[in-house]
Engineer: 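Just dropping this structure here.
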Amino acid sequence: MKLKKIKIAIDSPSAAGAGTISKMLAKKYNLLYCDTGKIYRFLAKKLMEKKPKNKIKYLKKISKKINLKKLKSKNLLTNEVAYVASQIAKDLRVRRMVLKFQRELAYNPPQKYKGSVLDGRDIISKVVTDANFKFYITANSRVRAKRRFLELKKLGKKVKFNEILKSIKKRDREDRTRKYSRLKKTKDSTLINTTNLSIKNSFLKVKKIIDRRLN
Ligand code: DC
């Protein structure tokens, strides 16, 4: 398959390894990468700081000024921000604000890139439905909690495994049962279960599928 620009879409529950794999794909194929969860986290953080009376009006204003650089801030990584993000992500009006920015990245990446890779919860099902490659990456919740636990510990954060497991399960429930754009595997996506795979082997599995179709 000869492609002008590649579009890769990935969905996953939190801490399943999708972010790491996406970054590796971006590097390997020279693609623009966006972790779309960061967009919801960014809006959540702004809300937490500003506490505006009219949340939607405020978010509408803020959402017009989002750019990839703003999404890099380390203060978006906390559990509290993640939880507020999952709450605002339920609102269809917020999802619509975010959609435009995501599609712009996916369909019109800057010239220097060969395409795009986006990961999130509704990328394969809603945002880039015509992606050339679609993956649904998952792992069981204990393994995901353990990975998140080690990641946060490495950052010097005081964390308890059971609390992380609890918050991962809670967020899974929120993301899988909400009314709009709930997290789900689509029929046209490939399932990658990373429970018993190292990062490297998970990446190689995805890469093999892409290369087989590209070559
Ligand atoms: O991937 P993450 O943990 O950074 O995502 C934070 C929250 O954002 C997640 O619980 C649900 C929401 N989200 C979403 O609704 N749709 C996306 N495409 C990405 C994230």
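Just follow the structure's listing: the first ligand is 1, and inside any ligand the first atom is 1. Since we're looking at a predicted model, the values are computed, not measured.
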Engineer: Can you check whether Asp119's main-chain N or O pairs, donor with acceptor, with Thr36's side chain at less than 3.5 Å?
Structural biologist: yes
Engineer: Taking the side chain as every heavy atom from C-beta outward, state whether Met24 and Ile199 have any atom pair closer than 4.5 Å.
Structural biologist: yes
Engineer: Does Arg178 reach ligand 1, in the sense of a heavy atom lying below 4.0 Å from it?
Structural biologist: yes
Engineer: Between Asp175 and ligand 1, which part of the residue brings a heavy atom under 4.0 Å of the ligand: side chain, backbone, both or neither?
Structural biologist: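 Asp175 to ligand 1: side-chain contact only, backbone stays beyond 4.0 Å.
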Engineer: Could you verify whether a donor N or O on one side chain and an acceptor N or O on the other, from Arg144 and Ser12, lie under 3.5 Å apart?
Structural biologist: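 Absent: no donor and acceptor within the cut-off.
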Engineer: Is Arg171 close to ligand 1, meaning an N/O of one under 3.5 Å from an N/O of the other?
Structural biologist: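 By distance alone, the answer is yes.
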Engineer: Determine, using heavy atoms of Arg95 and all atoms of ligand 1, whether some pair is separated by less than 4.0 Å.
Structural biologist: yes
Engineer: Could you give the distance from OG (Ser202) to CG (Leu197), rounded to the nearest 0.5 Å?
Structural biologist: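 Spacing of OG (Ser202) from CG (Leu197) equals 4.5 Å.
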Engineer: How many angstroms lie between atom CZ of Arg93 and atom NZ of Lys57, to the nearest 0.5 angstrom?
Structural biologist: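 Between atom CZ of Arg93 and atom NZ of Lys57 there are 13.5 Å.
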Engineer: Checking a contact table here: which protein heavy atom is nearest atom 20 (C) of ligand 1, and how many Å away?
Structural biologist: Gly37 CA, 3.5 Å
Engineer: Please say whether Thr36 places an N or O atom under 3.5 Å from an N or O atom belonging to ligand 1.
Structural biologist: yes
Engineer: For Arg41 and ligand 1, does the shortest N/O to N/O distance drop below 3.5 Å?
Structural biologist: yes
Engineer: Regarding ligand 1, does Asp119 bring an N or O atom to under 3.5 Å of one of the ligand's N or O atoms?
Structural biologist: no
Engineer: Has Arg121 got a side-chain atom pairing as donor or acceptor with Ser181's backbone, closer than 3.5 angstrom?
Structural biologist: no
Engineer: Can you name the closest pair of heavy atoms from Leu118 and Gln102 and give their distance?
Structural biologist: CD2-O, 3.6 Å
Engineer: I'd like to check which ligand 1 atoms, numbered from 1 as shown, lie under 4.0 Å from a non-hydrogen atom of Ser86.
Structural biologist: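 The list of qualifying atoms is 10 (O).
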Engineer: Check ligand 1 against Ala89 and write out every atom of the ligand that is under 4.0 Å from a heavy-atom position of the residue.
Structural biologist: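 Ligand 1 atoms under the 4.0 Å threshold to Ala89: 12 (C), 15 (O).
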Engineer: Could you name the option among Lys38, Arg182, Arg121 that has the heavy atom nearest to atom 2 (P) of ligand 1?
Structural biologist: Arg121
Engineer: Going by an N to O cut-off under 4.0 Å, is there a salt bridge joining Glu151 and Arg148?
Structural biologist: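 Judged by the 4.0 Å cut-off on N to carboxylate O distance, Glu151 and Arg148 do form a salt bridge.
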Engineer: How close does the nearest protein non-hydrogen atom get to atom 13 (N) of ligand 1, and which residue and atom is it?
Structural biologist: Tyr40 CD1, 3.6 Å
